[in-house]
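Residues take their numbers from the sequence shown, with the count starting at 1.
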Amino acid sequence: MDNDEFLILRSGEATGLVTPAEALDAIEDAWRDYATHRQVLSNPPALGLQGQDARFKVKGAVLPGAGLAGFRMIADAQAGAQDWFWLADAVTGRPLAMMDEYGLHCLRTAATGALAARMLARPGATRAALIGAGRIAAQVPACLAAALPGLTDLHVAARRAEAVEEFVAKAPKDLSLALHAAPSIAEAVRDADIVITITSATETFLDASMVKPGATVIGLGDVELNADLLGWANRFVVDDLVFALTIGNVGAWIGSKALTAEAVTARLDADVGEIVGGMKPGRVTDSDNVLAIIQGMAIGDLALAVLAWRKARLRRLGIRVGLGAAPNPHLRGPTPRRNRALIR
């Protein structure tokens, strides 16, 4: 592929290019960049725009070590969601690729949760619980197995029992951990060393009384965790505090006035960059109750998009568009009058 060619990966073409193990390594490297450079996210971390019918969101990041930057661009509309990633050279600004990001985003979210579990779970953890049975949750078992080979059992629960049965039946058969359909959320988490939630719930369903001492609770979704879990925890971790204060579980706590932003900030022990970079500890003792709110940073999306871009170039996938000089520099395009007509 020529250096001036722009690569387009259409819907589904990036899916499967990155394995769970590769995703774990790439996101850990991205978190290490976050630890070293800190200023790797766009300002603000997410920019919203209300269109006529669609709601747009843009999240940007840079990988200083790789010299690459990019933006995840999401459009939520009644007809369905659009999720694309724009990749560019961080030094020259030259556009490099645009790719359908939905599959990569599902993998990024699952791998981010699994990597947090590896950093924060107590040594010797063998049992995990997964609350959620959707498309993102489907990526969690393989990511957990890759991140924590010592895990033996994953108990899955969701609002619909039939969804859980289908989820377990469709799980990869070559995993090193056994999947179990739990009859309820309470049963799934009761003896779990690690609890991961990834749902689209609009009301909390997990509180401190349901979780055993010494567990690690990782919230990846929206409104899932009761605010009393912050009181239960003696170690509290986020990926990006500014982002966490505005959306997801922490945003819901603040929005409902269960907690203030100041109270949440005061309780923070570390972010994932500080832990990966060795600046602060995650879990201190085996008996620590650990709560991690991981919303997923754009730097993770960027890390997986870079991997997919590099693999696609090697495999000659996608559509290539030359970004050199126009073939006929004398062709000037529409006149100003025609330009006005085009946007009416």
Cation over ring, R32 on Y34, under 6.0 Å and within 45°?
no
Verify the cluster assignment for [X] and [Y]: are they in a single hydrophobic cluster under the rule of side-chain heavy atoms below 4.5 Å apart?
X: L120; Y: V211; result: no
X: I185; Y: L220; result: no
X: V164; Y: L154; result: yes
X: V272; Y: F243; result: no
X: I194; Y: I293; result: no

Can any side-chain N or O of [X] pair as donor or acceptor with the backbone N or O of [Y] at less than 3.5 Å?
X: D207; Y: N226; result: no
X: T204; Y: L206; result: no
X: D222; Y: G248; result: no
X: R94; Y: V91; result: no

Beyond-backbone contact of [X] with [Y], side-chain heavy atoms, under 4.5 angstrom:
X: H155; Y: L130; value: no
X: L225; Y: V217; value: yes
X: L302; Y: F85; value: yes
X: I74; Y: Q82; value: no
X: P45; Y: D240; value: yes
X: V306; Y: L63; value: yes
X: L107; Y: V18; value: yes
X: M73; Y: M98; value: yes

Do you know which two heavy atoms are closest between [X] and [Y], and how far apart they sit?
X: L17; Y: A308; result: CD1-O, 3.6 Å
X: A157; Y: A188; result: CB-CB, 3.9 Å
X: A26; Y: L307; result: CB-CD1, 3.8 Å
X: A128; Y: L144; result: CB-CD1, 4.4 Å
X: A14; Y: L9; result: CB-CD1, 4.1 Å
X: R55; Y: G48; result: NH2-CA, 3.6 Å

Side-chain donor-acceptor contact under 3.5 Å, R127 with T152
no
Verdict with supporting geometry, T15 and Y102, side-chain contact (heavy atoms from CB on, under 4.5 Å)
CA-CA 8 Å; T15 302; Y102 180 75; over 6 Å; no
Test side-chain contact (heavy atoms from CB on, under 4.5 Å) applied to R283 and T285, step by step
CA-CA 6 Å; R283 173 179 290 274; T285 70; 5.8 Å; no
Over 12 non-hydrogen atoms of neighbours within 6.0 angstrom of [atom1] in [X]:
X: Q50; atom1: CD; answer: yes
X: R38; atom1: CZ; answer: yes
X: E162; atom1: CD; answer: yes

Carefully, step by step, assess D271 and L241 under the rule side-chain contact (heavy atoms from CB on, under 4.5 Å).
CA-CA 8 Å; D271 63 46; L241 179 62; over 6 Å; no
Assess whether a salt bridge exists between [X] and [Y], defined as any Lys/Arg side-chain N lying under 4.0 Å from an Asp/Glu carboxylate O.
X: K212; Y: D193; result: yes
X: R235; Y: D269; result: yes
X: R122; Y: D288; result: no
X: D100; Y: R10; result: no
X: E101; Y: R108; result: no
X: E262; Y: R267; result: no

How far does [atom1] of [X] sit from [atom2] of [Y], to the nearest 0.5 angstrom?
X: M297; Y: D239; atom1: CE; atom2: CG; answer: 5.0 Å
X: S200; Y: E224; atom1: OG; atom2: CD; answer: 8.5 Å
X: L175; Y: C143; atom1: CG; atom2: SG; answer: 10.0 Å
X: R72; Y: I299; atom1: CZ; atom2: CD1; answer: 15.0 Å
X: L151; Y: L177; atom1: CG; atom2: CG; answer: 6.0 Å
X: T112; Y: I218; atom1: OG1; atom2: CD1; answer: 10.5 Å

Start with the C-alpha gap between T92 and D89, add the side-chain angles, then the distance that decides, and say whether side-chain contact (heavy atoms from CB on, under 4.5 Å) holds.
CA-CA 6 Å; T92 66; D89 187 301; 3.4 Å; yes
For V223, the other hydrophobic cluster members (4.5 Å side-chain criterion, sorted by chain and number) are none
Verdict with reasoning, D33 to T36, per side chain to side chain donor-acceptor pair (under 3.5 Å)
CA-CA 5 Å; D33 261 2; T36 303; 5.5 Å; no
In terms of ring plane angle, is the pair F236 and W253 parallel, tilted or perpendicular, where the classes change at 30° and 60°?
tilted
Could you walk me through whether K311 and E22 pass the salt bridge (Lys or Arg N to Asp or Glu O under 4.0 Å) check?
CA-CA 12 Å; K311 284 192 169 188; E22 290 171 337; 2.7 Å; yes
Answer with yes or no after comparing the ring centroid distance for F6 and W86 against a 6.0 Å cut-off, counting only values under it.
yes
Partners passing side chain to side chain contact (heavy atoms under 4.5 Å, CB included) against A201 (at least two apart in sequence or in another chain):
T199, F205
Walk me through whether R313 and E5 qualify under salt bridge (Lys or Arg N to Asp or Glu O under 4.0 Å).
CA-CA 10 Å; R313 292 179 72 195; E5 285 186 327; over 6 Å; no
